[in-house]
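Below, chains carry the letters A, B, ... as their sequence lines are ordered, and counting in each starts from 1. Values reported hereafter were calculated over all heavy atoms of this structure, with side chains retained and with hydrogens, waters and symmetry mates removed. Given the structure is predicted, the values throughout are model-derived calculations rather than measurements.
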Amino acid sequence: MNNLIVSPTALAFAVVLVVIALAINLKEKIGLERDMIVGVIRAVIQLTVVGYVLTYVIRIDRIWLTGLMVAIIIFNAAINANKRAEGIPHAFWISLLAIATATLLTIALLVLARAVRFTPSQIVPISGMIASNAMVAIGLAYRSMNTSFHDQRQGVLERLALGANLKQASKHIVQMAIRTGMAPTIDSAKTVGIVSLPGMMSGLIFAGVDPTKAIMYQIMVTFMILAATSIGSVIACYLAYSQYYNSDMQLR
Amino acid sequence: MTEPIFDVQELGYQSGGQQILQDITLQIERGANLTIAGPSGSGKSTFLRILATLLTPTAGTVKFAGKKQSAYPKPVYRQQVSYCFQQPTLFGETVRDNLAFPFEIREKTFDEQKALAALDSVELTAKMLDQPIIELSGGEKQRVALVRNLLFKPQVLLLDEISAGLDVDTKGVVHRLIQAYRESGVTVLSVTHDETEIAAADDLLRIRDGKIEVPAHE
């Protein structure tokens, strides 16, 4: 495992890679230098803090503290998904409910199936993976819904005028939003092992775990993420579409 | 005297600080054929959309068949008071998708024979049923949209300048179909700019600057 230790000096050298990216960005006048610098600084601070927190949480191994960590992850994911909602009323609460259900249901199934144990070293990273994937899927679904309700306003109005209820008038938009939200997860599931070697699997192999075991874990993670993004986007879309209408069943 | 199908009292509509309609009071008898005319921006379409519950008045009341609009579940009301748009949008891929929608929202199985008969009533052939909507002309689209509104006979038909931009033959087809529905007891309210339609109106309501200019004939 000694080969896994990354020294501060090695990390400092890795900064050279960021400098290369920055140099390309500046030369090509892409205009992302500020975002890149902020992103790098945030990544260093956030990961350092979370590293110490995780060390503490894993060491004292308390259920309430593990639960609190999961709750914080879900809460932050909901805040980020809400940013993609661009004005959908109650989007934070919808996102929170969708991400919490997706995360907790998936974890409950994994724990019941004894695929993972309820210990902080397993629950916290898995919650992060599930919540972040659900967050991305929900964010994409919100964006798709916003675009569709804007571009297809006339079609929705006509469906309402024909006597459709809100679900019937929005069905095609909701279906499209769920498809959009889930597309990256499905594409990733299709190409895993062919195009990408996912982070968790690569990490386990790096850490010296037998690749076949690492792959079994990765298969579990792939299934888990598929389920979570599906649950999350369905809940979020079916709760969010009605927000585009007023109480008189008219488009806002 | 029979109960009017619409009883409109002191209706007003305001949007973005602008008064679009004000003090509209009138009664429309069941089976009436009312033509609504007036300059562009006078509030005709807004009036029709309020009757269709696609807009909510900011003042006054509208009663439909003796009850306030708000007393009806909106889908039930809108299936009885059917609003046709000036430039309709067709759904999905084919004409079939559009004609299946009225069945779908009523949770009924698609009746192909009924759909074909409806297409025939506007002089569209059976093979049109599976035609992609992108291949339809403007007149064909308007006829498909009208058929979509009429597959299940409503009590009221609200027509928002549906014959604007249509050629003479298509206008004739549309007028004959609407006349047939009117004769079967459907109340028809149509907004128009067409001088021929205005001249031929049974009852005429003129709206100017959001107010009734000439009351409908009783």
Listed pairs under 3.5 Å, donor-acceptor, residues 69-92 of chain A side chains, sequence neighbours left out:
from	atom 1	to	atom 2	distance (Å)
Asn76(A)	ND2	Ile72(A)	O	3.4
Asn80(A)	ND2	Asn76(A)	O	3.2
Asn82(A)	OD1	Phe92(A)	N	3.3

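- Looking only at distances, no side-chain donor or acceptor of Glu161(B) sits under 3.5 Å from a matching main-chain atom of Gln86(B).
- Heavy-atom pairs under 4.5 Å with chain B were tallied for Gln154(A), Gln168(A), Glu158(A), Lys167(A); the largest tally goes to Glu158(A).
- Residues of residues 63-78 of chain B lying within less than 4.5 angstrom of chain A, judged on heavy atoms, are Lys74(B), Pro75(B), Arg78(B) in numerical order.
- The closest donor-acceptor contact from the side chain of Thr58(B) to the backbone of Gln14(B) lies under 3.5 Å.
- Side-chain atoms of Thr229(A) and Asn133(A) include no donor-acceptor pair closer than 3.5 Å.
- Residues Asn149(B) and Pro154(B) form no side-chain contact, since every pair of their non-hydrogen atoms from C-beta on lies 4.5 Å or further apart.
- For the atom pair OG (Ser95(A)) and CD1 (Ile235(A)), the distance works out to 11.5 Å, reported to the nearest 0.5 Å.
- Interface residue Arg148(B): backbone and side-chain heavy atoms are both found under 4.5 Å from chain A.
- For the pair Arg159(A) and Phe91(B), the distance from NZ or CZ to the six-membered ring centre is under 6.0 Å and the angle to the ring normal is within 45 degrees.
- Looking at Leu251(A), there are no atoms closer than 4.5 Å to chain B (heavy atoms on both sides), in backbone or side chain.
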